Amino acid sequence: MLKGRATKESTSFWAEMNPGITFSSLAENGPLVSQAGFGCYRVTHRTGEHGEALIKALESGINLIDTSSNYMDGESEVLIGRVLAEMVEKKEISRDSVVVVSKAGYLQGSNLEQARALGGFAETVPYSEHLKHCIHPDFLGCQITQSLGRMGLESLDVLLLHNPEYYLGWATQHKKLPMAEARTEYYRRLKKAFIFLEKEREQGRIGLFGVSSNTFVADSEHPEFTSLDLVCRAAREANASGFKVIQLPLNLLEPQAVLNLNQPGQINVLDHARKMGLAVLVNRPLNAMAGGRLVRLALGPAETAPSRIQVIESIMNLMDSEDHLKMSLISNLGFDVETEALVLNDLSVGKTLVTTWQQMSGLEHFQAVESGYLAPKVNQALGLLARRLAESKEGIMVLERHVKILRAAFDQVALWHKFQDREISAKVWQNATAAVPDWAKAGTLGHMAVRAARCTKGVTSVLIGMRKPQYVVDVIGELAQKCGPPADARTWSDLVDLAHDSLAVDQW
């Protein structure tokens, strides 16, 4: 187990050793963090390249790592623990130079299974069969223990409540309470969580704490709006001196953190955070939720897009192949009724795709559905069939042909979404460079998106997904560039029509 946590002295020395990167303090007399942080969403210890990227980031001067107990079902935290342990053992870094942020709140995957085995936790918010949410002290204590165990750490530098506004969404959707009462209950739950987290801080299991909320930036009338002013009030009432960090989204298509004057005195959330002495971590600088889809703010190579008809034809070919497997193969393999039904259900990918492929919100959404749901399901069925057909050369050939058809359908859907994302990204680049010519000096859309966020007044650090070493190199190259005048409301207001204009793409 790695002892201690990040200190002002060690992180200050780290900053001196990396003069090409700007560092800011997380709190008065708190540790310093690099202007960009290593975001661990979709990062796992099972992928060697992810570990190489994290090592590269630390070697390059980045000293902020952001994860969550539910990222890749805890596998993200396992990777962090392995990399830190190896680099500390080799004396390449010290534990007290690196700031580790994790989050708690989601019950899904193994978290949900463990909760069910324990009989559940109080004040759990049901979202779906496979997803729930909770910030009750009993659950938070359990999560901190598990996160520390997975990372092999004695203490977390920062623990954030992860999107607690799930409660408001649930209360609104199911009309559990009038809105005013639901909001009162919401901040009561936050206060109770802060009281607990302050005790955890006193016991040394965490350093600082705070809230990560997508709705810090929402309109004040939005049913799920999280008021930073009221969150700060809850922290004061809880005597929570460790409440020092918040996290929220900001990117070229979602400028609400700057433009929404949703705090008392008609100021934005960034200005209010600065007024309250809070550090602000920005997430999703390259992934924007706009127009009902997830837009990747990066320009990949130009490709020829398949037409809708071509995509549909590839899916129809897949459905035909699934029917062929059912009629000529599966029905003759002697499965019992229940097993045969499961196999047929798991193979019915075409039926799922034909009704959902256009509803998916961009390439990243489709890739998440493919890797997290469709591929595991169909691979399980194909593996069972391959074992039954091990002695049948003809049967194996049929399966191999089906896999090629399946891959072709996946590739066509992915390429269609990739092209749509590129069309939007190209328009974002065009509009942003026209509105703020200085940002065009960034050279690429990805660099521009990072620069816009990191150079905005009130932002402490920008969390960026860097799953490949080359992504780290790109980020370090951008951090070495000067910001120029800080981006403020006037800068961002020049982009106020950007989202509507950029999303007006004919393909929809």
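Small disclaimer: the values here were computed from a predicted structure and weren't measured.
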Using a strict 4.0 Å threshold on nitrogen-to-oxygen distance, state whether Lys457 and Asp271 make a salt bridge. no
For Lys192, does the NZ atom sit with more than 12 other heavy atoms under 6.0 Å from it, leaving out its own atoms? yes
Does Arg189 form a salt bridge (charged side-chain N to carboxylate O under 4.0 Å, His left out) with Glu185? I'd like the steps, not just the answer. CA-CA 6 Å; Arg189 293 185 179 203; Glu185 172 63 12; 2.8 Å; yes
Using modelled atom types and a 3.5 Å cut-off, is there a donor and acceptor pairing between side-chain atoms of Thr47 and backbone atoms of His50? no
Please name the pair of heavy atoms, one in Thr460 and one in Ser25, separated by the smallest distance, quoted to 0.1 Å. CG2-O, 4.1 Å
The reported gap from CG in Leu58 to CD in Glu92 (rounded to nearest 0.5 angstrom) is 9.5 Å
Could you tell me whether the side chain of Thr215 and the main chain of Glu224 form a donor-acceptor pair under 3.5 Å? yes
Lys103 vs Tyr71, test: side-chain contact (heavy atoms from CB on, under 4.5 Å). Steps then yes/no. CA-CA 9 Å; Lys103 300 183 282 291; Tyr71 287 174; 3.4 Å; yes
Pair Leu107, Cys134 - check side-chain contact (heavy atoms from CB on, under 4.5 Å), show working. CA-CA 7 Å; Leu107 288 89; Cys134 185; 3.6 Å; yes
Tell me if a side-chain donor or acceptor on Ser12 pairs with a main-chain N or O of Lys8 at a distance below 3.5 Å. yes
pair Arg42-Arg467: side-chain heavy atoms closer than 4.5 Å: yes
Taking all heavy atoms of Phe121 and all of Ala115, pick out the closest pair and write down the distance. CE1-CB, 3.8 Å
Angle between ring planes, Tyr167 versus Tyr186, binned at 30° and 60°: parallel, tilted or perpendicular? parallel
Shortest non-hydrogen contact between Ser60 and Asn18, atoms and distance: O-OD1, 3.8 Å
Flag the pair Ser69 / Glu77 as yes when at least one side-chain heavy-atom distance between them is below 4.5 Å, and no otherwise. yes
Given 3.5 Å as the limit, does a donor-acceptor pair link the side chain of Asp157 with the main chain of Ala6, or not? yes
Side-chain contact, heavy-atom cut-off 4.5 Å: Lys468 with Glu49? yes
Does the pair His162 and Ser68 meet the rule for a side chain to side chain donor-acceptor pair (under 3.5 Å), with working shown? CA-CA 8 Å; His162 202 177; Ser68 177; 3.0 Å; yes
Looking only at side-chain N and O atoms, does Asn63 offer a donor or acceptor that is under 3.5 Å from a partner on Ser97? no
Strictly by modelled atom types, are Asn262 and Asp219 linked by a side-chain donor-acceptor pair under 3.5 Å? no
Inter-residue atom distance Ser213.OG - Ile246.CD1, 0.5 Å rounding: 9.0 Å
Heavy atoms of Ala193 and Leu140 approach each other most closely as CB-CD1, 3.9 Å
Does the side chain of Pro31 reach to within under 4.5 Å of the side chain of Val99, using non-hydrogen atoms? yes
Within the supplied structure, the quantity of interest is the number of heavy atoms (other residues, nucleotides, ligands) at a distance under 6.0 Å from Tyr187 OH; does it exceed 12? yes
So, do Tyr471 and Val475 sit near enough that their side-chain heavy atoms are less than 4.5 Å apart? no
Sidechain-backbone polar pair: Ser461 side chain, Ser34 backbone, donor-acceptor under 3.5 Å: yes
Check the pair Ser102 / Thr67 against side chain to side chain donor-acceptor pair (under 3.5 Å), numbers first and verdict last. CA-CA 5 Å; Ser102 195; Thr67 186; 5.0 Å; no
Short question: side chain of Asn251, backbone of Pro285 - any donor-acceptor pair under 3.5 Å? no
Check the pair Gln146 / Gln114 against side-chain contact (heavy atoms from CB on, under 4.5 Å), numbers first and verdict last. CA-CA 11 Å; Gln146 291 178 9; Gln114 290 169 9; 2.7 Å; yes
Show the numbers, then the answer: is there a side chain to side chain donor-acceptor pair (under 3.5 Å) between Asn111 and Gln143? CA-CA 9 Å; Asn111 258 347; Gln143 291 297 278; 2.8 Å; yes
Can you tell me how far OG of Ser155 sits from CD1 of Ile144, rounded to the nearest 0.5 angstrom? 9.5 Å
Minimum side-chain heavy-atom gap Leu252-Met448 below 4.5 Å: yes
To the nearest 0.5 Å, tell me how far Leu156 CG sits from Arg205 CZ. 9.0 Å
Where do Lys275 and Asp229 land on the salt bridge (charged side-chain N to carboxylate O under 4.0 Å, His left out) test, with the steps shown first? CA-CA 10 Å; Lys275 176 181 172 184; Asp229 182 60; over 6 Å; no
Looking at side-chain heavy atoms only, is the closest gap between Met360 and Val369 below 4.5 Å? yes
Among Val98, Val101, Leu32, Val100, which residue satisfies the side chain to side chain contact (heavy atoms under 4.5 Å, CB included) criterion with Leu64? Val101
Could you pull out the closest heavy-atom pair between Gly61 and Phe23, with the gap in Å? O-CZ, 3.5 Å
Between Arg284 and Glu254 (salt bridge meaning N to carboxylate O under 4.0 Å), is one present in this structure? yes
Which is it for Val88 and Leu2 under the side-chain contact (heavy atoms from CB on, under 4.5 Å) test, yes or no, and what are the steps along the way? CA-CA 9 Å; Val88 168; Leu2 296 179; 4.0 Å; yes
Is Arg5 salt-bridged to Glu154, going by a charged N under 4.0 Å from an acidic O? no
Spatial distance of atom CD (Glu237) from atom CG (Leu230) [nearest 0.5 Å]: 9.5 Å
With the threshold set at 4.0 Å, does a side-chain nitrogen-carboxylate oxygen contact exist between Arg201 and Glu198? yes
Hey, are Trp492 and Thr456 close enough side-chain-wise for a donor-acceptor pair under 3.5 Å? yes
Looking at Val462, is its backbone amide N or carbonyl O close enough to the side chain of Gln35 to form a donor-acceptor pair, meaning the two atoms are under 3.5 Å apart? no
The single option from Val280, Leu228, Leu278, Val217 that satisfies side chain to side chain contact (heavy atoms under 4.5 Å, CB included) with Leu270 is Val280
Enter the distance from Ile206:CD1 to Leu160:CG here, rounded to the nearest 0.5 Å. 9.5 Å
Between Tyr106 and Tyr166, is the gap from one ring center to the other below 6.0 Å? yes
Verify side chain to side chain donor-acceptor pair (under 3.5 Å) between Ser10 and Asp96, making sure each step is shown before the conclusion. CA-CA 6 Å; Ser10 290; Asp96 52 6; 3.0 Å; yes
What do you reckon, is CZ of Arg188 surrounded by more than 12 foreign heavy atoms closer than 6.0 Å? yes
Regarding Arg454 and Glu478, does a basic nitrogen lie under 4.0 Å from an acidic carboxylate oxygen? yes
Show the nearest heavy-atom pair for residues Val472 and Phe38, with the distance to one decimal. CG2-CE1, 4.5 Å
Do Val211 and Gln247 touch side chain to side chain, with heavy atoms closer than 4.5 Å? no
